[in-house]
Amino acid sequence: KREGARGLEDGNGGLAFPDWAYKAESSPGSRQIQLWHFILELLQKEEFRHVIAWQQGEYGEFVIKDPDEVARLWGRRKCKPQMNYDKLSRALRYYYNKRILHKTKGKRFTYKFNFSKLIVVNYPLWEVRGSQGRIQGI
DNA sequence: GTCGGAAAAG
DNA sequence: CTTTTCCGAC
């Protein structure tokens, strides 16, 4: 039994993620929700499986089955009715350099989380506050 | 579809 | 700083 992990143990080959990956919106500091939090949030709920889901096989990889719907949901959350997949995907592309995500080339609408980076952004334990996530040892 | 520069908004 | 908007290039 995994501890400290929330997962999709059904139909996903035991795919599970640590709790810190699901930290999401519960920020008392009323900080704005970030896109990758939102993506993780959708991925967490079975009701959105027809819209976005984990890709079996690669850990952390997910596929957007309905780009327009994901964009609509994101736009609703951020009060940006004009949101679309073109713009949402641009935001996703900014994550490449930040090492939060990378593209699974060749596979349509498929991206993959970089959980090493996610550890960094969710754990203020490391000395990343001054150097914006330049971690070597992961 | 995907990429990434540029400008702008919050 | 993150994301939105716009867009030319491949």
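Quick note on labels: first sequence line is chain A, next is B, and so on, each numbered from 1.
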Closest non-hydrogen atoms of A/S89 and A/Y111, given as atom of the first, atom of the second and distance, are CB-OH, 3.8 Å
The side chain to side chain contact (heavy atoms under 4.5 Å, CB included) partners of A/D86 (sequence neighbours excluded) come to A/N84
Answer yes or no on whether A/R90 is positioned over the face of A/Y94, meaning its NZ or CZ is under 6.0 Å from the six-membered ring centre and within 45° of the axis.
yes
Whole-Å distance, A/Y85 OH to B/dT2 C1', equals 8 Å
Atom CG of A/L92 and atom C1' of C/dT5 are separated, to the nearest Å, by 16 Å
Whole-Å distance, A/K98 NZ to C/dC1 C1', equals 7 Å
message: Using OP1 and OP2 only, check whether a side-chain N or O of A/W74 sits under 4.0 Å from C/dT4.
response: yes
Classify the nucleic acid contact of A/L35 as base, sugar-phosphate or nothing, counting any heavy atom under 4.0 Å across all strands shown.
-> sugar-phosphate
Across all chains, not counting sequence neighbours, the side chain to side chain donor-acceptor pair (under 3.5 Å) partners of A/R76 are none
The nucleotide from C/dC6, B/dT2, C/dT3 with an atom nearest the side chain of A/R108 is B/dT2
In whole angstroms, the gap separating C1' of C/dT3 from CZ of A/R77 amounts to 15 Å
Ring pair (Phe, Tyr, Trp, His ring centres under 6.0 Å) pairs touching residues 64-89 of chain A, sequence neighbours excluded, are A/F38-A/W74, A/Y85-A/F109
Here the salt bridge (Lys or Arg N to Asp or Glu O under 4.0 Å) pairs for residues 103-113 of chain A, sequence neighbours left out, are A/E58-A/K112, A/E61-A/K107
Between CG of A/N84 and P of C/dT4 the distance, given in whole Å, is 10 Å
With B for base contact, S for sugar-phosphate-only contact and - for none (protein heavy atoms under 4.0 Å), nucleotides 3-10 of chain B reads BBBBB---
- Task: Check every strand shown and say whether A/Y95 touches a base, only sugar-phosphate, or nothing at a heavy-atom separation below 4.0 Å.
- Result: sugar-phosphate
Between CZ of A/F109 and C1' of B/dT2 the distance, given in whole Å, is 10 Å
